[in-house]
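Working notes for the structure below.
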There are 2 protein chains.
Amino acid sequence: MDAEGRVARRPLEQELVSRGVRMTRQRRILVRIIQEAAGHLDAIALWERAKGEDASINTVTVYRTLTLLKKHGLVDELDLMHLEGGKHYYEAKTTRDHIHLACVKCGRIQEFESSLFEKLKGQIERDRQFRIDTVRVEAGGLCDRCK
Amino acid sequence: MDAEGRVARRPLEQELVSRGVRMTRQRRILVRIIQEAAGHLDAIALWERAKGEDASINTVTVYRTLTLLKKHGLVDELDLMHLEGGKHYYEAKTTRDHIHLACVKCGRIQEFESSLFEKLKGQIERDRQFRIDTVRVEAGGLCDRCK
DNA sequence: GTACTTGCAAAGATTTTGCTTCCAA
DNA sequence: TTGGAAGCAAAATCTTTGCAAGTAC
């Protein structure tokens, strides 16, 4: 949001509008934070950031918005190998799927893209006649710095 | 367990004993159920099966045993795309990693092995100098019967 | 015998639901 | 205006912890 309080329209928001979803002040804030987040946010981290822009926003709204985005296939839900408890992490779905590498020692999360991964998905779809909507790959282990 | 109540020693149990882990009646039961389970059990399903053999077994013991097995890297923890809530599923770690395909419509879980997957893991370890201890691949979508 | 494990109760963490009021289209 | 959304409180779900009593080795 700029100094005048204008909110630039972002892809996620556009996507929701085009699907006939009602945009509220809260949804706009949440969706933009997810869109612009560098890392992976869990519901509470998302809520805390949102409170900076709207102190009255409720965790329930955060959960409901995440459910909405999941339903529309606009976010991926991750567990990051449960390195810190049972929460879920979210990221805006990108055009290209990627793998998450979670270091069990330092907690760093790396992302990894690979054409082999794309091939693997193709193989699954062909061999099993399974239509993949979402795919999650998470590896736990030791990163280069820690091993 | 046969008619005399003897419990055959199973790989998981052997593995624990060889690591100096104390084997209790409860652990023997739980570990055998996991070992022999056809599908993927969550903590409560595991507990319910265990109660058939020892009515006094407690859910806390189930969770503690699962934590123990995870710590020793003897089970894999799955989420199966959270098709039914936030619980976790467990399976004895096999020699070969496999991919889980979860049908969002019928809930069926299929497993898929592939040398491409093995290659992908190798690529990650080489490119990122990341030592993979555990890896989880889950795909959600429509199975051949449902699409 | 001793250190580790269990069961019970209670607490903790995360997420969902019911219901009333409010607001976007 | 009107159906969907937000906020609040309470509940539900899944998992962990503290502690006394029991048990494997």
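Any value given below was found using the heavy atoms of this structure, including those in side chains, with hydrogens, waters and symmetry copies removed. Chain naming here is simple, since letters A, B, ... match the order of the sequence lines and numbering starts at 1 in each.
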Five pairs at each end of the helix from dG1(C)-dC25(D) to dA25(C)-dT1(D): take the axis at both ends and give me the angle between them to 10°.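 For the helix from dG1(C)-dC25(D) to dA25(C)-dT1(D), the axes at opposite ends meet at about 50°.
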
Any residue meeting side chain to side chain donor-acceptor pair (under 3.5 Å) with [X], in chain and number order, not counting sequence neighbours:
X: T61(A); result: none
X: R96(B); result: E113(B)
X: D42(A); result: none
X: Q110(B); result: R128(A)

Listing request: all salt bridge (Lys or Arg N to Asp or Glu O under 4.0 Å) pairs with a residue in residues 98-110 of chain A, at least two apart in sequence or in separate chains.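 Of all non-adjacent pairs touching residues 98-110 of chain A, those that pass salt bridge (Lys or Arg N to Asp or Glu O under 4.0 Å) are R108(A)-D144(A).
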
Distance below 4.0 Å between H88(A) side-chain N/O and dT14(C) OP1 or OP2: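 No, outside the criterion.
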
Would you mind checking if K121(B) and D97(B) are paired as a salt bridge, meaning a charged N to carboxylate O distance below 4.0 Å?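 K121(B) and D97(B): salt-bridged.
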
Give a yes or no on whether a salt bridge exists between R27(B) and E13(B), defined as a side-chain N under 4.0 angstrom from a carboxylate O.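 Here R27(B) does not pair with E13(B) in a salt bridge, since their nearest N and O are not under 4.0 Å apart.
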
If I take atom [atom1] in residue [X] and atom [atom2] in nucleotide [N], what distance separates them, rounded to the nearest angstrom?
X: W47(A); N: dT14(C); atom1: CH2; atom2: C1'; result: 13 Å
X: R27(B); N: dT5(C); atom1: CZ; atom2: C1'; result: 6 Å
X: D42(A); N: dA13(C); atom1: CG; atom2: P; result: 13 Å
X: I44(A); N: dT15(C); atom1: CD1; atom2: P; result: 7 Å
X: I29(B); N: dT5(C); atom1: CD1; atom2: P; result: 17 Å
X: Y89(A); N: dA13(C); atom1: OH; atom2: P; result: 14 Å

The test is side-chain contact (heavy atoms from CB on, under 4.5 Å); show your working for D79(B) and R136(A) and say whether it passes. CA-CA 10 Å; D79(B) 295 280; R136(A) 180 160 74 216; 3.4 Å; yes

Which of residues 60-81 of chain A sit near DNA chain C, with a heavy atom under 4.0 Å from it?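 Listed by number, they are V60(A), Y63(A), R64(A).
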
Sequence neighbours excluded - ring pair (Phe, Tyr, Trp, His ring centres under 6.0 Å) pairs with any residue from residues 107-132 of chain A: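 Pairs touching residues 107-132 of chain A that pass the test: none.
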
Going 5' to 3' along DNA chain D, which are the first and last nucleotides with any atom under 4.0 Å from a heavy atom of chain B?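 Reading along DNA chain D, I get dC14(D) to dC25(D).
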
Please report the shortest heavy-atom distance between S114(A) and Q123(B), naming the atom on each side.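 Looking at all heavy atoms of both residues, the shortest contact is OG-OE1, 2.6 Å.
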
Heavy-atom contacts, protein to nucleotides 20-25 of chain C, under 4.0 Å, summarised as B (base), S (sugar-phosphate only) or - (none) per nt, yield ---BBS

Would you please name every residue forming a salt bridge (charged side-chain N to carboxylate O under 4.0 Å, His left out) with E77(A), sequence neighbours left out?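 Partners of E77(A) under the salt bridge (charged side-chain N to carboxylate O under 4.0 Å, His left out) test: K70(A).
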
How long is the gap from NE2 on H88(A) to CG on L66(A), to the nearest 0.5 Å?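 Result: 11.0 Å between the selected atoms.
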
Residues that E125(B) engages under side-chain contact (heavy atoms from CB on, under 4.5 Å), provided they are two or more places apart: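 Only R131(B), I132(B) meet the side-chain contact (heavy atoms from CB on, under 4.5 Å) criterion with E125(B).
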
Give one of base, sugar-phosphate or nothing for S56(A), where a contact means two heavy atoms less than 4.0 Å apart.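 The residue S56(A) makes sugar-phosphate contact but no base contact.
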
